[in-house]
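Everything below concerns the one structure shown next.
Here is how names work: the chains are called A, B, and so on, in the same order as the sequence lines, proteins then strands, and each is numbered from 1. Heavy-atom basis, side chains included; hydrogens, waters and symmetry copies ignored. Values in this document were obtained by computation on a predicted structure and should not be read as measured data.
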Amino acid sequence: MTAPVAADAQVDAQVVVENLVKRFGDFVAVDHASFRIGHGEIMGFLGPNGAGKSTIIRILCGLLRPSAGRVSVAGIDVARDPELVRQRIGYMSQKFSLYRDLTVEENLRFFGGIYRVPRGELAERMRFAIDMAGLGGREKTLVGTLAGGWQQRLALGCAVLHRPPILFLDEPTSGVEPKSRRRFWDLIHALAADGVTVLVSTHYMDEAEYCHRAALINQGRIIATGSPDALKHTALGGELLLIECEALGPALAALRQQAPGVIDASVFGNAIHVLVRDADRGIDELPAYLERRALPPIRIERINPSLEDVFVQLIAADAAKRRQAA
Amino acid sequence: MRVRRIKAMVVKEVLQVWRDPRSLIIALLLPFTQMFLFGYGINLDLKHLPICTFDREGSQFSQDLLKRFQASLYFAIAENVKTYPQLAAAIDRGDCQAGIVIPPDFSERLNDTGSTSVQAILDGTDDNTANIALGYAATVVTGYSNDVRISALARQGRALQQVLPLAVQSRVWFNEDLESRNFIVPGLVAVILALVGAQLTALTISREWERGTMELLVSTPVTSTEVMVGKLIPYLVLGWLDAAFCLIVAALWFDVPFRGTFATLFLTTTLFLIVVLGIGYLFSVLIHSQIGASQIALVATLLPAMLLSGYVFPIDQMPAFIQKVTYLIYARYYVTIIKAIFLKGAGIADLLAPILFLAIYALAVVALAARAFRKRLA
């Protein structure tokens, strides 16, 4: 799933965001975000609901005015010429926003007209979108009666009808069953392979694995950016151990106090994930440490961190940093 | 403005209206019911007003006079009563709206002094009807009184010409029969178009907000003006259909004389439709819910159109301040125009002032609506 794009992303950036700030009254929705997305790259926005993912995407589409910072899409300053930007982007909003009371074909024809897809090409583009969404034979079906996965794929079809070089997809797979989600990601990869730049947000951590690069967003701030592998191996700043224990609470407290070599610990399901400077030393030293406190571990082993581990760790570190600053 | 995008908007809007029973009911059923409901319901003509008579004399003269009332188009004798309490009871029950009481010395005094009086008792709860009834009663009595004098003089052998030195020869123009329907129904067309027009467009933008389709529409290169024009065109066509329907019903069903030209009618009606559709659109832009926009549009269009346009209630009878306010009521201009086209056969040259006002209004509303709908969300 990785592609050799991260390196030249800086040179050939299709999306450039520098020190972007968006305030709604006193609330800071986006707090000095900076990132770039290269040509043909799939960039994932990861973060919980309300982290500011949608806000950034809507600013990139020219739907919201930034409070500060610079945003350029396809080399165009969004604040200066949003209409020109809109011709070069395709957008899928978080909430399904095709016309439910129109048929598949009528929706496509409408967006074809709005984007002024050349008449000679329109039939072929509509065919492409219908095939891509797997909606052959359902051209005359009212969109409102389609199942969620089909609706999402049609929305993608409408968004790419005019061959935009850049796609903004805001949680396109939320509420869609896993099989459809998988298929949707295949479509995104096919588009990226054709040179389309894609920014896609999701709150499913596992979906980040499909992205070339991911940005972790929390409380309006981008707290890490990198390929999923790089994030997992470097962003943590250590290695991960899994410890199973009878008494989770006391064990967690003990590990967080002054356990040797432990950077941080947090509960994951019925186990504790412990971030240590060195996994081998941890496996040697920690069982004894816990036994001395009458908290013998049932199991201790080294695990590969998931992006969720990374995320939890980074959020905790970010919160600590803020507390210090304040 | 790109024709291609406007066309796409128009097609989409037509499909949506076609599939939305609510819009279709407003567009087609509302004018139909309103036209007949108000066309028949509102009638300011006083005809066959039920009265009771209380003839306390029962002479040849008194019966002659009462026959005059019976023969008059304006009155119908509902009851002959024998006592005042019966008369009062009949008015209380609402069986009659006026009582004519002939005193017991009616003919005696007429013979002795040459002058006598008749009492009219009126139900003042509806003062308008009471006033008109009083006027008609006076006319009947005066007519009878003249005849009495003429016959008395004739008996003395004097010629009639000397009797009535002055007489009004009245000639009513434009609404020769003084049929109130003739001036109400054209105004009614204005009221209905104001109501229906604003209702149609009140839903159009708020629907996009409510269904979440606005989010995507705004992200496309379509401009605010293209959205507005694309959305107004289908409703203008619907408005033309409604106008044609109402005007045909007015002319053919209610027999209101049509003396103007279609060109004048078309031009002025189109201007008026642009104003009302624009106002509905404006509310739709400002209020993001369909219900809210539709209710505000209802209050903002129907009430002024009904009360302040001069459709039924004459503007020159209003207090001076309210009269000034009516200049802001766009329906006022169209009511003036359409009555003049129907009844006077007025052409564009005769109607320059109200047409100009309407045109200014149309421009202002469209400009405001285009400005109000900004594509940027916040």
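Heavy-atom distances place both the backbone and the side chain of B/R211 under 4.5 Å from chain A. Neither the backbone nor the side chain of A/F168 comes within contact range of chain B; no heavy atom of the residue lies under 4.5 Å from a heavy atom of that chain. The part of A/E106 that comes within reach of chain B is its side chain, from C-beta onward, which places non-hydrogen atoms under 4.5 angstrom from that chain. Heavy atoms of B/K7 lying under 4.5 Å from chain A belong exclusively to its side chain.
Of the inter-residue distances, the one linking B/L217 atom CG with A/L98 atom CG reads 11.5 Å to the nearest 0.5 angstrom. Expressed to the nearest 0.5 Å, how far CG of B/L216 lies from SG of A/C61 amounts to 9.5 Å. B/R4 contributes atom CZ, which lies 4.5 Å from atom CZ of A/R119 (distance to the nearest 0.5 angstrom). To the nearest 0.5 Å, the span separating CG on A/N107 from NZ on B/K12 amounts to 9.5 Å. Note: B/E208 CD to A/Y99 OH = 3.5 Å, rounded to the nearest 0.5 Å.
Heavy-atom contacts from other residues, nucleotides or ligands closer than 6.0 Å to CZ of B/F36 number more than 12. Residue A/R127 qualifies as enclosed at atom CZ: its count of foreign heavy atoms under 6.0 Å is above 12. A 6.0 Å sphere centred on CZ of B/F357 holds no more than 12 heavy atoms belonging to other residues, nucleotides or ligands.
Contact between B/E215 and A/L63 at its shortest, heavy atoms only, is OE2-CD1, 3.4 Å. Considering all non-hydrogen atoms of both residues, A/L102 and B/Q16 come closest at CD2-CG, 4.0 Å. A/T103 approaches B/R19 most closely through the heavy-atom pair N-NH1, 4.0 Å. Contact detail for B/T220 and A/E83: the closest heavy-atom pair is O-OE1, 4.2 Å. Residues B/S219 and A/Y115 come closest through the heavy atom pair O-OH, 4.2 Å.
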Give the table of side-chain donor-acceptor pairs shorter than 3.5 Å for residues 72-81 of chain A, with sequence neighbours excluded, one pair per line with atom names and distance.
from	atom 1	to	atom 2	distance (Å)
A/D77	OD1	A/A79	N	3.0
A/D81	OD1	A/L84	N	3.3

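The candidate with the highest count of non-hydrogen atom pairs below 4.5 Å against chain B, out of A/G112, A/G113, A/A159, A/A155, is A/G113.
Within residues 280-302 of chain B, no residue has any heavy atom under 4.5 Å from a heavy atom of chain A.
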